[in-house]
Asks: 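Before I ask anything, let me first share the structure, which is written out below as structure tokens.
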Protein chains: 4
Amino acid sequence: MLILMKPDATPADIDGVCGRVRELGFTPHLIPGQTRVAIGVTGNQGAIDPSLFAHFPAIAEAVPVSRPWKLVSRDVKPDHTIIPLPGPRATCAIGGGTFVVMAGPCAVEGREQLMTAARAVCDAGARVLRGGAFKPRTSPYSFQGLKEDGLKLLAEAREATGLPFITEVVDTRDVDLVAEHADILQVGARNMQNFALLEAVGSVRKPVMLKRGLSATIQEWLMAAEYIMAKGNYQVMLCERGIRTFETMTRNTLDLGSIPLVKRLTHLPVIIDPSHGTGDYRSVPALARAAVAVGADGLMVEVHPDPARALSDGPQSLTPANFAKLMESISAIAKVLQMKI
Amino acid sequence: MLILMKPDATPADIDGVCGRVRELGFTPHLIPGQTRVAIGVTGNQGAIDPSLFAHFPAIAEAVPVSRPWKLVSRDVKPDHTIIPLPGPRATCAIGGGTFVVMAGPCAVEGREQLMTAARAVCDAGARVLRGGAFKPRTSPYSFQGLKEDGLKLLAEAREATGLPFITEVVDTRDVDLVAEHADILQVGARNMQNFALLEAVGSVRKPVMLKRGLSATIQEWLMAAEYIMAKGNYQVMLCERGIRTFETMTRNTLDLGSIPLVKRLTHLPVIIDPSHGTGDYRSVPALARAAVAVGADGLMVEVHPDPARALSDGPQSLTPANFAKLMESISAIAKVLQMKI
Amino acid sequence: MLILMKPDATPADIDGVCGRVRELGFTPHLIPGQTRVAIGVTGNQGAIDPSLFAHFPAIAEAVPVSRPWKLVSRDVKPDHTIIPLPGPRATCAIGGGTFVVMAGPCAVEGREQLMTAARAVCDAGARVLRGGAFKPRTSPYSFQGLKEDGLKLLAEAREATGLPFITEVVDTRDVDLVAEHADILQVGARNMQNFALLEAVGSVRKPVMLKRGLSATIQEWLMAAEYIMAKGNYQVMLCERGIRTFETMTRNTLDLGSIPLVKRLTHLPVIIDPSHGTGDYRSVPALARAAVAVGADGLMVEVHPDPARALSDGPQSLTPANFAKLMESISAIAKVLQMKI
Amino acid sequence: MLILMKPDATPADIDGVCGRVRELGFTPHLIPGQTRVAIGVTGNQGAIDPSLFAHFPAIAEAVPVSRPWKLVSRDVKPDHTIIPLPGPRATCAIGGGTFVVMAGPCAVEGREQLMTAARAVCDAGARVLRGGAFKPRTSPYSFQGLKEDGLKLLAEAREATGLPFITEVVDTRDVDLVAEHADILQVGARNMQNFALLEAVGSVRKPVMLKRGLSATIQEWLMAAEYIMAKGNYQVMLCERGIRTFETMTRNTLDLGSIPLVKRLTHLPVIIDPSHGTGDYRSVPALARAAVAVGADGLMVEVHPDPARALSDGPQSLTPANFAKLMESISAIAKVLQMKI
């Protein structure tokens, strides 16, 4: 941290601030300037909260200079985190050079719908089945998911196809139940800063995919991952699914521009969700190709046997035929970039 | 809902859409235009999800035309919701013509800090004591609150001052515990779309204050209130605490411009939190005055006996002396607007 | 500026950076830390561009620590800027303790419309007439204003009422013409970073009102004012008219929360425009009251004799009767705050 | 447009609205509903401004249902717009199946800097040289460009390399001068709604590249292009360069997610600028790959012989060596997608 004193700060003001720095266990370093004095602070382990100095009237500004995260940081662990996929078909790992495609319906609606979708995405080359059993919906009057029955259907589909499955958990009280069935737990965008839930999935020993919140900064997103890892669960992957901006013609604004930065900051794998990112099935294939090209580790995409009759997110769901075409198109790009798929 | 067909839609396309409308139990009305046909849909109770029509290729656009909320709507209940304040000093109600000020420290840090703050805000005219026992923090390494011990200290402070207290609940598993002690439950901004928590506080029979999410639209905010009311708890108040925008020199952007609209849309009382809204104690008094002037029903403001040593949110906390001055200043404005305080 | 070296920076790296600092004419100060070295830079007059150091691979971060503006800064000129109003009725000044209300139609549509509006706002107590002659419109097919004829009508209305008038200038080629007629020149939100226009109005010797851009940070807004002042025109006032955010139920998000901060940073007067800020005439009176309460120096509000037939911005325009009521309501609040009106 | 009456609207209210619709030259169509009446409006050529109906108290809502643009619309002109590149090396066209790379320094700083950059980007395969002569800068104290001298140096570089050049025009008074020298005129993000400038470049008969404004919606961006085309200049290309959001770790948020939508809405070519989009040269190559993959028509990228000493935008500029590597990497992806480069 760097503390900037006001131009009219007296020696007594400066002594007062240095005293407070020492009181906190740190070391102050005076830097005299032409018009004012700055005080460098060292000796801290992590970031210092600038607000600890907010009430000294002679301070003009306190500027933090370190990152607040640790376990997620590539400075701490330079090597990529690699998360092996469980199950009979699992010959690959997330973050290990394979571009992993997760696909399936937004919500599990019934056995036939799920089985049709699962077989289709398996045949087309997906590595993980996705499907929502507990659905967070904006309206209390919308379909809320099949809950435990949905989990059981997902387990059946895994049995039938060999694909491990990922599903969302929305309440701390459900974490054990979901962890019992699912291969990967998803924390949704609206729960990204539900810290109780982050701690609960941090206590589980299954991989967790953490979606970026609608208005979460990259720093907050990484801090949310830090919450999970701080509880001992290191199998965390991040998922960019679009942020909220002023633009309303797309459902969200898919922030591909942040991916290279995120990959520099953290060793965790990053998945892209172009279905929520654009909200329109016609835009999904182009963004899926861009996701491979930008250096992501995988894709999460919504596929429904009959999107026009989907109970949730129909407009952004691909048909099985369109999904098969998408797989071909992204495979060609993955090949150019020396990634398996 | 209004469905707009593409210019080149055939009669068969139009018939197909009309058939789907009837299949859903509604009535289609054809509106021929110069270059294309529109179809008005009637007979629905609530809003129709436009995505139900997303996969008809001959449809250009489906435009929803009703609001999705019911219980929160002023169309349904034109009279203001009035929430009586419990406790010996409670001679007023929220939403009933009194401008209710809630004040106290961001976090309960200990008995002395809390008691000093409680007595100060009581003496200056606050009607409700605020204090955080369960603290949602961005970093897992920050102070997380005194939890149950904090609740007990708040109850002690209520005993000593006669002020009812409001405190945040962050996990469905804590709702019963918090409801046992607190007079008003707060759902924080980061949990505004934690639907499991909304349902849990909806099952309690104590007033709930619902903070607007950092990037929540007014519609989402009202839908979150609808979640609570749909479970039978009608004692809901809203709290505007600033939204996230591109501006970083203020902590958040306090959206006072939406308050008159919100008051037209819903019968629920609206509280303003200028402490989080600006993040700077120097801006709090001016925004508190603006909150009265704009027609809000109350204020939530952070007061700490020694802001420079606060464990949380020091920079935005008022000293007791500054809070007393603020009360005088807003009282004068409340009087002009014929509100008690 | 503070330069943070990476943990593995060598003494040679550090020497290299220090050399570059000296080469730029500044003085480097070494601050050794536990894991890395920081370098404080002093001797600069204004802010140093951090990008001057962006390509040293051993630098982790370069943190600027001064404000980039000068002439607009309250550090440089602690007293309020006071801008006298011209014309026969001008017994007050903007920024000098009077809350100045500017009112009139969005666009000048014709003599009768303008005269009716001008007399109405004058009778109700407005101090300045507003009216658009050159209209910046999103669509090339919308009404673009009466241009020079509009200026002449505004001059007629000034003759008739004694009110000075403010009007927008949208092109460098029109600055002389507009300055010849108008009493105050307005630079609109969409032109806030039209730097050629800022320089052109900076060369005029009439007051300028600078609207904040839709997505302009406070810093960019102040820098735009700096452009005008750097050309020698010190009669600048700022106008907050709402910023663009994710919320679409209000036309813009009126950023009242920034006003106390802006008043601390700069000595320039600040005007609030609740008409554009909310886009709905029903919300204008409440926000006008809030504008007085928050400490602004004045108000700009749209008034039209027949809003339902306005060629531009009808939904946010007040009728003369509603404007008269608004004046009463804000006068009461101004009085409490010891402001004239 | 669809007009929704309030539930309690009387037959007289409805007649009044229908009369106004007819008065405007359109045709009203009554659609009776269970709780209220809707009125469909037909007969209009373009979109109807909903505000024309804002002051009828019995109207609940007026919903526009057509797009406001015409000349830019793919509905009007289904074929791609193809813009031939001038000059001796111009064997390709923008929008015609070649992925066109425009590269060069942010600002022209002098002959040697520009010639070095021009030769480097030409050798690596760029098709157009970019370089700023008139620089719009946030601060009046920053380097503002070499102006006319810069244009002459760019013409020299074209002579030497055969590359046509693109440069920005920032003032209506400079349009003729810039058009005399440049092959493509650029309208910058901050001037996207400088309507006077749009009309001025619309009167020129040289191609124009229109950058998206920092907070411009897709609709506003297309309407700005409509301004240029409405003046008779049909050689318009769009450039996505990142929008402003709450995220500050990247300079802007590159909105690749909107590209497929924009390509569906308009026939105009779309160029991506990953330099401004991310603000960090380390992120540029990944985003350039994504730009090809997402279906853009070209790239604009900043290249400087010595980024550490650039007078403007050094942190986001590539070295010539890095640019050559980028060209290889995007060529491989373009090939997969059957595009020339």
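Proteins get letters first, then strands, A, B, ... in listed order; numbering begins at 1 in each.
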Asks: Given a strict heavy-atom distance threshold of 4.5 Å, which part of B/Ala189 is in contact with chain A: side chain, backbone, both, or neither?
Replies: neither
Asks: Given the options B/Arg20, B/Arg137, B/Glu199, which has more heavy-atom pairs under 4.5 Å with chain A than any of the others?
Replies: B/Arg137
Asks: Counting only N and O atoms by type, is there a donor-acceptor contact under 3.5 Å from the side chain of A/Arg190 to the main-chain atoms of B/Gln193?
Replies: no
Asks: If you compare all heavy atoms of A/Ala216 against all heavy atoms of B/Arg244, which two are closest, and at what distance to 0.1 Å?
Replies: CA-NH1, 4.1 Å
Asks: Going by side chain to side chain contact (heavy atoms under 4.5 Å, CB included), name the residues that satisfy it together with A/Thr266, two or more places apart in sequence or in a different chain.
Replies: A/Val72, A/Leu222, A/Leu238, A/Val262, A/Leu268
Asks: Please flag which part of B/Ser317 lies under 4.5 Å from any non-hydrogen atom of chain A: side chain, backbone, both or neither.
Replies: backbone
Asks: Heavy atoms only, distances under 4.5 angstrom: which of B/Met223, B/Gln316, B/Met192, B/Gln219 has the most pairs with chain A? Name it, please.
Replies: B/Met223
Asks: Which answer fits B/Tyr227, side chain, backbone, both or neither, if we ask what part of it has an atom under 4.5 Å from a heavy atom of chain A?
Replies: both
Asks: Of the backbone (N, CA, C, O) and the side chain (C-beta and beyond), which part of B/Asn194 lies under 4.5 Å from a heavy atom of chain A, both, or neither?
Replies: both
Asks: Pick whichever of A/Ala224, A/Pro136, A/Gly188 has the most heavy-atom pairs under 4.5 Å with chain B.
Replies: A/Pro136
Asks: State the OG1-CG distance between B/Thr172 and A/Leu197, to the nearest 0.5 angstrom.
Replies: 9.0 Å
Asks: Determine whether A/Thr138 and B/Glu220 satisfy the following criterion, side-chain contact (heavy atoms from CB on, under 4.5 Å), listing intermediate values before the conclusion.
Replies: CA-CA 7 Å; A/Thr138 305; B/Glu220 290 169 340; 4.2 Å; yes
Asks: Who are the side chain to side chain contact (heavy atoms under 4.5 Å, CB included) partners of B/Ser73, not counting sequence neighbours?
Replies: B/Trp69, B/Asp75, B/Val76
Asks: Examine whether an atom of A/Phe246 lies under 4.5 Å from a heavy atom of chain B, and if so say whether it belongs to the side chain, the backbone or both; otherwise answer neither.
Replies: neither
Asks: Hey, is CG on B/Asp176 packed in by over 12 heavy atoms from elsewhere, all under 6.0 Å?
Replies: no
Asks: Please classify the contact of A/Gln144 with chain B as side chain, backbone, both or neither, using a heavy-atom distance under 4.5 Å.
Replies: side chain
Asks: Could you check which of B/Ala230, B/Ser142, B/Ser215 has the highest count of heavy-atom pairs closer than 4.5 Å to chain A?
Replies: B/Ser215
Asks: Given the options A/Pro307, A/Ser312, A/Ala196, A/Gly213, which has more heavy-atom pairs under 4.5 Å with chain B than any of the others?
Replies: A/Pro307
Asks: Regarding A/Lys70 and the six-membered ring of B/Tyr141, is the cationic atom NZ or CZ under 6.0 Å from the ring centre and inside 45° of its axis?
Replies: yes
